Amino acid sequence: MKSFALPPSRRLNGGLVLGLLVVFLTAGCAHRGRPQVAAEIPASSVSVSESTVAGSETDAEDDFFDDEFETEGPLVADPLIRFNRLMFQFNDKLYFWCLKPVARGYRVVVPEPVRLSLKNLFNHVGTPIRLANDLLQGKFKSAGAEFGKFFVNSTAGLLGLGNPAANFPALNPDKEDLGQTLATYGIGNGFYLVLPIFGPSTLRDTVGLVGDFVFDPITYLHPWYVPLSIRAENITNDLSFRIGDYEALKSAALDPYLMLRSAYIQHRRKVIDE
Amino acid sequence: MNIKRMIWMGLIGIALMAGQAYAIDTHAPEALVRTTLDQVTKILRNNDLSMDQKKTAVLNIVAPRFDLPLMAKLTLGKKHWTALPRDKRQEFSSLFSALLKRSYLGKIDLYSNEKINFKPAQTKKNKVYVPTELISAGKTVPITYKLYKSKEGWKIYDADISGTSIILSHRAEYDAILRNGTIDDLLAKLRQSLK
């Protein structure tokens with residue numbers, strides 16, 4: 001899954017990139033999906049040998065340099081950085097000038113219980129997307145859990161307006177999308193791509209996003225503006241719970257574009273590993 | 001024969017002692033995160049305090065739990081950090097600490113959620129990850145606190161918010177700034193952002 005995740009510094013080095021690509025493409029199949037397995041062996045099983053290497057406590061800090069953070073972190077190629085930065089600016093302005101004021105007004109007008117019910121409903125209707133991707137990834141247990149959740153929320157949850165299944169951890173599998181499915185098939189990020197409105201993505205995740213529309217029942221509603229309005233409502237409703245998150249991230253950053261790019265790639269790697 | 005046996009006994013003894021010294025007990029770091037968050041919740045629920053007082057009180061409790069200088073060092077990474085003269089390291093360290101305090105530790109709305117879930121701690125070599133979930137209406141934010149045993153006991157050296165490490169995110173930025181400029185550019189930008 002990290003096949004294409006080249007550090008930006010190597011972007012210009014065409015020969016090296018090509019060479020690495022060949023190596024990664026061939027090696028990629030071998031460890032697709034779970035590159036971190038080796039690193040996740042519990043410490044207890046390696047503690048004895050570790051003690052001889054780690055030595056005294058003063059070495060502890062240098063230890064950090066060597067393992068956890070010297071892997072350069074998950075990086076992504078960004079050949080379209082000029083376009084992406086432009087899109088980032090566009091989304092930034094869209095958020096502050098349009099989406100945020102709308103979501104704020106919406107939050108004032110629509111009471112929280114209603115917004116929560118709508119959130120549950122949108123989640124409920126999205127079940128086929130997650131179910132399809134569970135199946136495509138061979139995660140039959142998660143697929144069963146999605147099905148169980150759908151059943152419980154359809155009945156006890158009054159057609160999906162409530163989420164009683166939330167009280168049962170077994171009925172809350174990790175959410176899968178097509179971008180993750182493609183990643184488990186060994187397809188790398190490709191390159192970083194900032195989409196208008198949808199925000200940070202990669203080539204692979206964009207393909208996944210488009211593909212997921214196929215599994216989304218809302219896509220098939222008529223006339224054309226019905227799915228459009230529903231999605232706009234979904235975005236607004238969802239945003240009404242998250243006003244301030246983007247601002248917080250932005251205030252911590254010196255270069256919000258780079259921060260968001262890193263955050264997105266890290267987040268995706270996490271959900272793919274799950 | 002006897003000597004061989006003594007050597008074996010000695011080796012086993014050393015192995016056992018080493019094992020004991022490095023067998024990681026997750027109780028201490030877990031308790032540290034738990035009590036810290038409990039203390040924070042208590043402050044946030046105290047209606048006698050003003051917003052500013054709450055912020056200061058939270059910062060006073062949370063900041064000592066983090067190893068801020070280590071975080072500064074890790075964020076720059078070995079390549080950039082080792083290349084810096086001592087005074088620049090110190091300056092970066094204090095500016096970055098200030099940024100962390102402002103952007104994360106003092107962000108009391110980050111903690112003022114309705115419920116905190118604790119998940120079982122995981123050990124990663126000699127470090128301990130304490131995963132938590134902040135649950136509020138319509139939103140669940142997973143936050144994993146990463147701790148190591150410093151000379152002054154367990155300290156937090158990084159936190160993953162929704163799978164995003166504070167250190168790695170900032171490193172991505174600073175690395176790009178340092179690659180296209182100097183440490184003075186980075187320090188100037190940090191100073192600017194803290195104004």
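Only a predicted model underlies this, so the values are computations on that prediction, with no experimental measurement involved.
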Proximity of residues 242-250 of chain A to chain B, residues having a non-hydrogen atom under 4.5 angstrom: A:Arg242, A:Asp245, A:Ala248
Winner by heavy-atom pair count (cut-off under 4.5 Å) against chain A, out of B:Lys189, B:His170, B:Gln192: B:His170
CZ (A:Arg104) with more than 12 external heavy atoms under 6.0 Å: no
Value rounded to 0.5 Å, distance of CG in A:Leu258 from OH in B:Tyr174: 11.5 Å
Residues, nucleotides or ligands: over 12 heavy atoms within 6.0 Å of A:Lys100 NZ: yes
Per-residue contact mode, B:Ile166 against chain A (heavy atom under 4.5 angstrom): neither
Pairwise distance OG1(B:Thr164) to CZ(A:Arg269) - rounded to 0.5 angstrom: 10.5 Å
Contact check, side chains of A:Leu254 and B:Leu186, non-hydrogen atoms, under 4.5 Å: yes
Distance, nearest 0.5 Å, that separates CG of B:Leu168 from CD1 of A:Ile265: 12.5 Å
Worked check of side-chain hydrogen bond (donor to acceptor under 3.5 Å, both in side chains) between B:Glu173 and A:Ser262: CA-CA 8 Å; B:Glu173 286 186 284; A:Ser262 169; over 6 Å; no
Shortest non-hydrogen separation from A:Lys270 to B:Pro142 and the atoms involved: NZ-CG, 4.2 Å
Residues of residues 111-125 of chain A contacting chain B, heavy-atom criterion under 4.5 Å, by residue number: A:Glu112, A:Leu116, A:Lys119
For the student: nearest non-hydrogen atoms of B:Ser169 and A:Met259, plus distance: CB-SD, 3.7 Å
